[in-house]
Protein chains: 2
Amino acid sequence: MQAASRIAPCLHETPVLTSRSIDQLVGAPVYFKCEMFQRTGSFKARGALNAVGQTGAEVVATHSSGNHGAALAYAAREAGKQAIVVVPDDASAAKVANIERYEAETVGCGPTQDDRESTLAEVVRRTGAEVVHPYDDYRVIAGQGTVMLELSRQVPSIAEVWLPVGGGGLASGCVVAAPDGVRVVGAEPELAGDAALGLELGERQPQMPPRTVADGLRAALGRRNFGILQSYGLDIHLVSESEIIDAQQLLMSCLKVIVEPSSAVPFAALLKTPSDRPVGVVLTGGNWRADGY
Amino acid sequence: MQAASRIAPCLHETPVLTSRSIDQLVGAPVYFKCEMFQRTGSFKARGALNAVGQTGAEVVATHSSGNHGAALAYAAREAGKQAIVVVPDDASAAKVANIERYEAETVGCGPTQDDRESTLAEVVRRTGAEVVHPYDDYRVIAGQGTVMLELSRQVPSIAEVWLPVGGGGLASGCVVAAPDGVRVVGAEPELAGDAALGLELGERQPQMPPRTVADGLRAALGRRNFGILQSYGLDIHLVSESEIIDAQQLLMSCLKVIVEPSSAVPFAALLKTPSDRPVGVVLTGGNWRADGY
């Protein structure tokens, strides 16, 4: 896949971790793909690098609850370009600090999808920046798909890959990149279950009120992402807020890794749906600071 | 080295993690050997497996603030033997739970070295168990040394390896196993600085009052360990309690890993002593639960 070789020089091949205690809980071997160890702290570095690597623009811009913002800032800096990131005012301090570390300009906005998009449009008018959407962009989708390429090479026996669904960048990328015989399974917070509902109804749904603790999954499914996931027939499991927190604590005590709530969503779903085949779980990011989430 | 091949089947080769932010802080590339991902949650599985693999006894016993206890319980279970672990009443709930998970019998005792040893002697009288000391045992020392063998193979460019000194099992094992051109550097909490003082005075010192937050490092340096470290001339840096906590928080936010305070001690020392050569840091364990350390 072209994306993989394009972005490899600026990325870690992240390790896969396992836990006997967790295998016993699930009833099958579980392989955790640790993207919280990825450059910028999440898998989003993959899509951002792939998109920035294919544009001629000198200034790139986006809206992001945080991880894509840091990823685009990093990708732009590596390519000698300028990045401008529209950040909801309710994004965690950890995520904003992570964006500014890579020398991007940040612009605040309200918590809804409309707030993000109108503010971003303003930035583009002002600067002529090229928008790199967090997920509704085929270059970003191809970049996120390299998670699947890497994981299926690291663990050839894998039969399923469980991952969280927010805007759908990771899910659609992994669906496209999945080798034969590897099934992708999605998971969403009940409080942000627009993708599950939209795929069930056959019609993309608006964003739900941004209330879930899994702040990386509040966005609505993107148009391109919806199309890919609909044609694939993605199965999406829903989990409650307390299931997300419990799964996060379990991951931290058994795997000894820091995961943000969004990262714990597919594992929370897997715990309710024991599998008997070797299963991969993508841990997407680990935003954390001593002062909390 | 014999120990390495003896114990390999029951161990993970733990990954080495890096962080650009940390490299910038230190001024040199820093390679973190992640033993919190080791079976039983710490490097102590190495020494315990090596000792149990060489004994004919059916029952093994030890005293431990936790990690060695879990390691011996695990090693005994893997070998089809029974383990009995004497645990100070002030050991963290996480550590005790970790011991009992591997089906060992636990026996409580007071917080001092004398309390541990008298209670263990009682257990031996009662059961005829063979004692596997947490650190003052050449089989254990050889097992812990495999951390150095693995790390220097994973990162051939490494010039120094910084590690915490408690009873001295890890330090003496790594000193013995260090390839030419790799220098071992020790670190201790000021509140448990018996090893630094003993090596300076040329005489082994008694345990200090068990007050440091780095509860894995409260024990006094062992006799065999003192001998090895004295002949090597180990340099030991001291760090304060707040330096330990700050280093622990920094590791968690930059590396996205869970480390117990004892694990953060050598990194806390390194932060005060910038190096300009590629340096390895052993992260020894990650006892953690949602209810705190």
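Below, read A as the first sequence line, B as the second, and so on, with proteins coming before strands; counting in each chain starts at 1.
Atom CD of A/E260 sits about 8.0 Å away from atom NZ of B/K256, to the nearest 0.5 Å. To the nearest 0.5 angstrom, B/Y74 atom OH is 6.0 Å from A/R20 atom CZ.
Within residues 22-42 of chain B, the residues that have a heavy atom under 4.5 Å from a heavy atom of chain A are B/M36, B/F37, B/R39, listed by number.
Contacts of A/I245 with chain B are absent, with no heavy-atom separation under 4.5 Å from either backbone or side chain. Contacts between A/S21 and chain B at a heavy-atom distance below 4.5 Å involve the side chain alone, from C-beta outward.
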Working for side chain to side chain contact (heavy atoms under 4.5 Å, CB included), residues A/L17 and B/H12: CA-CA 10 Å; A/L17 294 179; B/H12 295 308; over 6 Å; no

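When all heavy atoms of A/I258 and B/I258 are compared, the pair lying nearest together is CD1-CD1, 3.7 Å.
Residues satisfying the side-chain contact (heavy atoms from CB on, under 4.5 Å) test with B/R277, not counting sequence neighbours, are B/A159, B/E160, B/R183, B/S275.
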